[in-house]
Amino acid sequence: MDVEGGFYNPRLNTGLNVMTYAIKEWGIGNSAEDNMFKDWTFIGVPYCNGDFHAGTNTKEYTALDGSTKTIHYEGYNNYRKLVTKIFDYINDSPEQLLVTGSSAGGFGAAILADDAIELFNNPQDVTVHVDSSLLITEDWHDIMVNEWNSPKAFSDVVTSDNITLDSLVALHSKRGNMKILFDCSVRDYNLSMAQRFFDEGSQKDMPLSIGKAEGDRFQQLLKKMLTDMQEQIPDCGIYIWDEETQKDGHLTVHTATGTKIYFDKRGDNPSIANWLQDAVGGNIKTYGLELLDKSF
């Protein structure tokens, strides 16, 4: 994981590629002795264009003031080119594969997991882990088809308002032996803010501040998602956690696996690191669901 040189954008250097740096310095990619993944080969796919790594499109938009801007939804193309190029240097048929991502990368992990598994020649021991990736809108299918031009295999399975759940359920249906995991803080600040933006429609700007109402809204959406996830993927693993970042409304931290929080033990529950490591080893557990019914 080279954080010095960036990727294909000359501005994507150490200062901007903060997630790659954090993952290597503190999170899942660090070299701590107690980190199961310290000797694993990592492929980090930078995120830059708003399409959850699932786009193959270039589209021009016109703003209300008449100005135009071209958006390059090239996430899927970039990911495929990166991984296939890296096969010049690493084994393309590993015994174990972990597909994981946080925030936008978590959406990407859910959407791309089946594609990645095929790229790595269908290893038998695969874990897919999504960290903090939940946004609800009835427009997901339309966005994938008409904005991003996502591969049809991705967009066909997204039929509800939950792109993450639909993608994971489709993955489970196709590959029943998958280890599928999801973690999130109970009132995720960033996702609560983005959800309000989604709820209010595209004519509104992202809110400058949020509080209890938005946290309550996200907590209920999270509870519904995980109820549905447990019904449709009975052997999934879930870890819900609480780490306050804003006292007003008790809003909580966004993402864990790229931060120091990853290794923190939580009461009687193991750390998220230990939970993930256990699951990769075949011991899949669920923690923290009681937080979904807690009043804040």
Side-chain angles (χ1 to χ4, degrees), residues 1 19 23-24 27-30 32 34-45 52-54 79 83 86-87 90-134 154 157 163-184 225-226 229-230 232-241 255-259 261-263 269-289:
M1 298 182 85
M19 280 306 298
I23 288 167
K24 183 184 179 199
I28 189 174
N30 82 69
D34 59 348
N35 181 17
M36 171 186 179
F37 306 109
K38 65 182 182 298
D39 296 322
W40 284 44
T41 298
F42 272 75
I43 301 175
V45 183
F52 293 167
H53 304 283
Y79 138 81
V83 175
I86 285 177
F87 286 156
I90 68 169
N91 177 14
D92 64 359
S93 301
E95 293 182 5
Q96 285 184 294
L97 178 66
L98 170 62
V99 181
T100 186
S102 298
S103 193
F107 289 102
I111 295 166
L112 295 177
D114 185 62
D115 190 83
I117 292 165
E118 292 196 8
L119 268 178
F120 283 93
N121 293 310
N122 298 291
Q124 293 302 301
D125 189 347
V126 180
T127 304
V128 177
H129 168 228
V130 175
D131 174 20
S132 308
S133 308
L134 167 61
F154 301 164
V157 304
I163 190 173
T164 303
L165 182 62
D166 285 351
S167 298
L168 292 176
V169 168
L171 179 68
H172 172 71
S173 297
K174 181 175 180 178
R175 301 177 182 269
N177 61 341
M178 296 291 310
K179 290 171 279 192
I180 296 177
L181 310 173
F182 181 90
D183 84 87
C184 192
M225 174 186 174
L226 298 181
M229 187 171 173
Q230 288 184 300
Q232 297 178 66
I233 312 175
D235 52 354
C236 68
I238 296 167
Y239 196 121
I240 303 305
W241 44 284
T255 77
T257 51
T259 74
I261 289 171
Y262 179 61
F263 289 101
N269 295 339
S271 66
I272 295 170
N274 286 335
W275 165 74
L276 177 57
Q277 292 171 22
D278 287 346
V280 169
N283 183 20
I284 301 172
K285 295 292 182 79
T286 289
Y287 299 99
L289 292 184

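Values below: every heavy atom of this structure, side chains too, minus hydrogens, waters and symmetry copies. Small disclaimer: the values here were computed from a predicted structure and weren't measured.
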Just to verify, which of I28, V280, V99, D183 counts as forming a side chain to side chain contact (heavy atoms under 4.5 Å, CB included) with H129? D183

Sequence-distant partners of P123, side chain to side chain contact (heavy atoms under 4.5 Å, CB included), two or more places apart: L97, I117, F120, V126

Residues in side chain to side chain contact (heavy atoms under 4.5 Å, CB included) contact with L289, at least two apart in sequence or another chain: L226, Q230, I238, I240, T286, L292

Does any non-hydrogen side-chain atom of M36 lie less than 4.5 Å from one of L276? no

One pair to check against side chain to side chain contact (heavy atoms under 4.5 Å, CB included): W241 and I261. What are the steps and the verdict? CA-CA 10 Å; W241 44 284; I261 289 171; 4.0 Å; yes

Between H172 and D235, is there a side-chain heavy-atom distance shorter than 4.5 Å? yes

Hey, could you give me each pair passing salt bridge (charged side-chain N to carboxylate O under 4.0 Å, His left out) that has a residue in residues 92-106? Not counting sequence neighbours. none

In terms of side-chain heavy atoms, does T257 have a donor or acceptor partner in S102 at a distance below 3.5 Å? yes

Polar side-chain atom of S132 near backbone of C184 as donor-acceptor pair, under 3.5 Å: no

Report the C-alpha distance between T127 and Q96 in whole Å, list the side-chain angles of each, state the deciding distance to 0.1 Å, and finish with yes or no for side chain to side chain contact (heavy atoms under 4.5 Å, CB included). CA-CA 8 Å; T127 304; Q96 285 184 294; over 6 Å; no

Residue pairs passing the salt bridge (charged side-chain N to carboxylate O under 4.0 Å, His left out) test with at least one member in residues 275-288, sequence neighbours excluded, are none

Name all residues meeting the side chain to side chain contact (heavy atoms under 4.5 Å, CB included) criterion together with D34; count only those two or more places apart in sequence or in a different chain, and write none if there are none. A32, F263

Smallest heavy-atom separation, S167 atom then V157 atom, equals CA-CG2, 4.3 Å

Working to the nearest 0.5 angstrom, can you tell me the gap between F37 CZ and N30 CG? 11.5 Å

Do you know which two heavy atoms are closest between S271 and Y262, and how far apart they sit? CB-O, 3.7 Å

What are the two closest non-hydrogen atoms of L181 and A279, and how far apart are they? CD1-CB, 3.5 Å

Would you give me the side-chain donor-acceptor pairs under 3.5 Å for residues 105-115, sequence neighbours excluded?
unit_1	atom_1	unit_2	atom_2	d
D114	OD1	R175	NE	2.5
D114	OD1	R175	NH2	3.1
D114	OD2	K174	NZ	2.8
D115	OD1	Y76	OH	2.9
D115	OD1	R80	NH1	3.3
D115	OD2	Y79	OH	2.7
D115	OD2	R80	NH1	3.1

